[in-house]
**Student:** 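Here it is, the structure in full.
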Protein chains: 2
Amino acid sequence: MNRESTMITDEQAVEIFKALSNQIRVNILQMLKEPDHHFSTQAHVIKEKGFDGGVCVSDIHSKVGLSQSTTSQYLSILLQSGLVEMKRIGQWTYYRRNEETIKQFEKYIGLKI
Amino acid sequence: MNRESTMITDEQAVEIFKALSNQIRVNILQMLKEPDHHFSTQAHVIKEKGFDGGVCVSDIHSKVGLSQSTTSQYLSILLQSGLVEMKRIGQWTYYRRNEETIKQFEKYIGLKI
DNA sequence: TTTATATATCGAGAATTATCAATATCCTTT
DNA sequence: AAAGGATATTGATAATTCTCGATATATAAA
């Protein structure tokens, strides 16, 4: 079947721009590109749980140099923008990039900006 | 000769994201994509003056629904980010898109985000 | 050189964002 | 049920952004 990937709206794009208008949030997104390189291997969710590439908040926290609460809030902002997705597994919350949104965002830039 | 177009830095990218984290500034950039369509034809700088596609501040002002000073400041923000360039001709200041920066920005998104 | 037009800058208040410590909530383990 | 660890939320203050009117500056016209 042909997946109809809907073009992002201007409003959503602005929300993404806001999310990325902060160096640390950009860093987080960039680190999530190569979780194995930036975080301790055992920390990411194991493949079996079906959230490959996900990194838990405390791991991200220990890399960014911000308080736990700010780290959590920044991840919420990235989540709201659609750039990342999250899954709670037990007591941990794992975040990973939402490559579909990122692809649509790229497309938006090329067509609308 | 092979033009060596330098990759945008993370810092510059964040400045661009900030510039675009406002719907009206995005609108301005979008309108400058088709000046003839959005602004009165005679208003843009004439081709002979070598700044094709440029639109003067007052024309932009009359489209965006913000005060003259805010319009001017928003254009400065876009200018600082590199997304537009400007040229003063007589008493008018013309702004137009800087397609080279925009192209590099697109490339940055694809490679670094 | 006075006047008019176009744009930029200044000063200020409102709104939003950044950031933290403290606390609450949710799971897991005891 | 109590305790502990992980994450989210709350409350607060500082910093930044938004936005305007007023004013300054630059250029053109009279």
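Residue numbers begin at 1 in each chain, while the letters A, B, ... track the order of the sequences.
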**Student:** Round to the nearest Å and state the distance from M86(A) atom CE to dC26(C) atom C1'.
**Tutor:**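 The answer, rounded to whole Å, is 12 Å.
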
**Student:** Do D59(A) and Y95(A) come within less than 4.5 Å of each other through their side chains, counting heavy atoms only?
**Tutor:**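 Contact flag for D59(A)/Y95(A) side chains = no.
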
**Student:** Between D10(B) and Q30(A), is the side chain to side chain contact (heavy atoms under 4.5 Å, CB included) condition met? List the steps.
**Tutor:** CA-CA 11 Å; D10(B) 287 339; Q30(A) 289 172 333; 3.5 Å; yes

**Student:** Could you give the CD1-to-C1' distance, from I24(A) to dT17(C), as a whole number of Å?
**Tutor:**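 Roughly 13 Å, once rounded to whole Å.
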
**Student:** Give the rounded distance in Å between these two atoms: OH of Y94(B) and C1' of dA8(C).
**Tutor:**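 My rounded result for the distance is 17 Å.
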
**Student:** Look at S72(B) and dA8(C) and indicate whether a side-chain polar atom (N or O) is within less than 4.0 Å of OP1 or OP2.
**Tutor:**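 Yes, because at least one side-chain N or O of S72(B) sits under 4.0 Å from OP1 or OP2 of dA8(C).
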
**Student:** Just N and O in the side chain of S67(B): are any of them under 4.0 Å from OP1 or OP2 of dG21(D)?
**Tutor:**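 Indeed not, no polar side-chain atom of S67(B) lies that close.
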
**Student:** When the distance from CG of D59(A) to C1' of dG5(D) is rounded to whole Å, what number comes out?
**Tutor:**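 One finds 14 Å between C1' of dG5(D) and CG of D59(A), rounded.
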
**Student:** Less than 4.0 angstrom between a side-chain N/O of N22(A) and OP1 or OP2 of dT17(C), yes or no?
**Tutor:** no

**Student:** Relative to the 5' end of DNA chain C, which residue comes earlier, I77(A) or Q91(A), by the nucleotide with the nearest heavy atom?
**Tutor:** I77(A)

**Student:** Taking the side chain as everything from C-beta on, heavy atoms only, tell me whether N27(B) gets closer than 4.5 Å to V64(B).
**Tutor:** no

**Student:** Any side-chain heavy atom of Y108(A) within less than 4.5 Å of one from I113(A)?
**Tutor:** yes

**Student:** In terms of side-chain heavy atoms of Q73(B), which of dT19(D), dT28(C), dA8(C) is nearest?
**Tutor:**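 It is dT19(D).
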
**Student:** Check this for me: does any side-chain nitrogen of one of K103(B) and E100(B) sit under 4.0 Å from a carboxylate oxygen of the other?
**Tutor:** yes

**Student:** For S58(B), which contact category applies under a 4.0 Å heavy-atom criterion: base, sugar-phosphate, or nothing?
**Tutor:** sugar-phosphate

**Student:** For the side chain of K18(A), counting heavy atoms from C-beta on, which of dT9(D), dT17(C), dC20(D) is nearest?
**Tutor:**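 Looking only at side-chain atoms, K18(A) lies closest to dT17(C).
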
**Student:** With the side chain of S69(A) defined as its heavy atoms from C-beta on, choose the nearest nucleotide among dA21(C), dA28(D), dC20(D).
**Tutor:** dA21(C)

**Student:** Whole angstrom is fine here: how far is it from CD in Q68(B) over to P in dT5(C)?
**Tutor:** 14 Å

**Student:** 5'-most contact on DNA chain C: R88(A) or Y74(A), nearest heavy atom basis?
**Tutor:**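 In this pair, the answer is Y74(A).
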
**Student:** May I have the distance from Q23(A) (atom CD) to dA18(C) (atom P), rounded to whole angstrom?
**Tutor:** 13 Å

**Student:** Return the 5'-most residue of the pair L66(B), I89(B) with respect to DNA chain D, ranking by each residue's nearest nucleotide.
**Tutor:** L66(B)

**Student:** When the distance from OH of Y95(B) to P of dA6(C) is rounded to whole Å, what number comes out?
**Tutor:** 16 Å

**Student:** In whole angstrom, what separates L75(A)'s CG from dT7(D)'s C1'?
**Tutor:**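 Rounded to whole Å, this separation is 10 Å.
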
**Student:** By nearest atom, which of the nucleotides dA6(C), dA6(D), dA8(D) is closest to the V57(A) side chain?
**Tutor:** dA8(D)

